[in-house]
Amino acid sequence: MSDTVFVQLLDLACGALLLTAVLILWRRELTVIIRVFAVQGVALAALVAVLAAHERSAELGAVAVGIAVLRAGVLPYLLRRVLARGGEVRRETRPLVNVASSLLAAAVLTMLAYAVSQPLIALAPSPATQAVPIGLTVVLIGFFVLVTRRRALSQLVGFLLMDNGITAVGFLTTAGAGLVVELGVSLDVLLVVLVLQILTTRMRETFGDADLDELRELRDS
């Protein structure tokens, strides 16, 4: 793979990663959010596949396949199961921050990520490290989703966004975190999602809802 093609494909994958994060922040319908998250999983797998082709690494290629299966297939499937068991609530109805303010915050977080990443890029300038701000932006947007959404499923997606961003930064800065390391991290994420799926189901069965603010009010009362 030539350097020009590598840079173009890398930019395309990183652009898709960032765009899907912004779309998740923008949308309120949980079904749409889960679909967009699945697309982000494909973008992350494509990013690793581009790095694998450039490095001619079979190990990275295997990791890319694993990421595609887990983050574009298994995790979205589990999220859809959680949503299907949630009854009629399929929308984030009362986020702490409205759409316009959320998009403005995304722009600010993007600039912050680029500013913070400059010293790291200066240490080892390369097409991969120059894309690190994209991964860091996804981490920050995921954290923003996590703290501004009220529904448990939306907050879970925010956590998974952070994990996708951290994974992207890891691969961009190290040319691969290693098959064993990525497998261990992915299994940990899968375990967290399974535990939260069970917890969310039990919350709905017991209290009838998974809105954390309403559950907090119930505790206070």
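Residue numbers count from 1 along this sequence. Everything numeric in this text was worked out from a predicted model, so none of it was measured.
Among Val39, Ile33, Val32, the one residue that satisfies the side-chain contact (heavy atoms from CB on, under 4.5 Å) test with Ile24 is Ile33.
The shortest distance between side-chain heavy atoms of Val139 and Phe144 does not fall below 4.5 Å. Using a 4.5 Å cut-off on side-chain heavy atoms (C-beta onward), Val36 and Trp26 make no contact. The shortest side-chain heavy-atom distance between Phe37 and Leu75 falls under the 4.5 Å cut-off. Between Ile34 and Leu153, some side-chain heavy-atom pair lies under the 4.5 Å cut-off.
No continuous path of ILVMFWY side-chain contacts below 4.5 Å connects Val169 to Ile121, so the two sit in separate hydrophobic clusters. Put simply, Leu112 and Leu25 are part of the same group of oily side chains (I, L, V, M, F, W, Y) that touch within less than 4.5 Å, one to the next. Residues Val63 and Leu9 share a hydrophobic cluster, clusters being chains of Ile/Leu/Val/Met/Phe/Trp/Tyr side chains in contact below 4.5 Å. When hydrophobic clusters are built by joining Ile, Leu, Val, Met, Phe, Trp and Tyr residues whose side-chain heavy atoms come closer than 4.5 Å, directly or via intermediates, Val108 is not grouped with Val99. There is a path of hydrophobic side-chain contacts, each under 4.5 Å, that joins Leu120 to Val138.
The CZ atom of Arg27 sits 8.0 Å away from the CG atom of Leu23 when rounded to the nearest 0.5 Å. With values rounded to the nearest 0.5 angstrom, Leu161 atom CG is found 12.0 Å from Thr137 atom OG1. Residue Leu60 holds its CG atom at 6.5 Å from CG of Leu51, rounded to the nearest 0.5 Å.
Put simply, the side chain of Thr129 gets close to the backbone of Ser126: a donor and an acceptor are under 3.5 Å apart.
A pairwise comparison of heavy atoms in Leu140 and Ala113 identifies CD1-CB, 4.1 Å as the closest pair. Contact between Pro76 and Leu70 at its shortest, heavy atoms only, is CD-O, 4.0 Å. Closest of all the heavy-atom pairs between Arg28 and Arg149 is NH1-NH2, 2.9 Å. In terms of heavy-atom proximity, Leu146 sits nearest to Phe159 at CD1-N, 4.3 Å. Between Ala131 and Leu172, the closest heavy-atom pair is O-CD1, 3.6 Å. In plain terms, the two heavy atoms of Phe171 and Val48 that are nearest each other are CD1-CG2, 3.8 Å.
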Starting from the C-alpha separation in whole Å, work towards a yes-or-no answer on side chain to side chain contact (heavy atoms under 4.5 Å, CB included) for Leu160 and Arg71. CA-CA 9 Å; Leu160 294 175; Arg71 304 187 187 226; over 6 Å; no

Applying side chain to side chain contact (heavy atoms under 4.5 Å, CB included), run through Asp3 and His54 and close with a yes or a no. CA-CA 8 Å; Asp3 291 340; His54 184 257; 3.7 Å; yes

With side chain to side chain contact (heavy atoms under 4.5 Å, CB included) as the test, would you mind laying out the steps for Val132 and Tyr114 before giving the verdict? CA-CA 8 Å; Val132 166; Tyr114 272 89; over 6 Å; no

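In Phe143, the CZ atom is not crowded: 12 or fewer heavy atoms of neighbouring residues, nucleotides or ligands sit closer than 6.0 Å.
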Please report, to 0.1 Å, the donor-acceptor pairs under 3.5 Å made by any side chain of residues 10-21, with sequence neighbours excluded.
| from | atom 1 | to | atom 2 | distance (Å) |
| --- | --- | --- | --- | --- |
| Thr20 | OG1 | Ala16 | O | 2.9 |
| Thr20 | OG1 | Leu17 | O | 2.8 |
| Thr20 | OG1 | Gln40 | NE2 | 3.2 |

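With sequence neighbours excluded, no residue forms a side-chain hydrogen bond (donor to acceptor under 3.5 Å, both in side chains) with Ser117.
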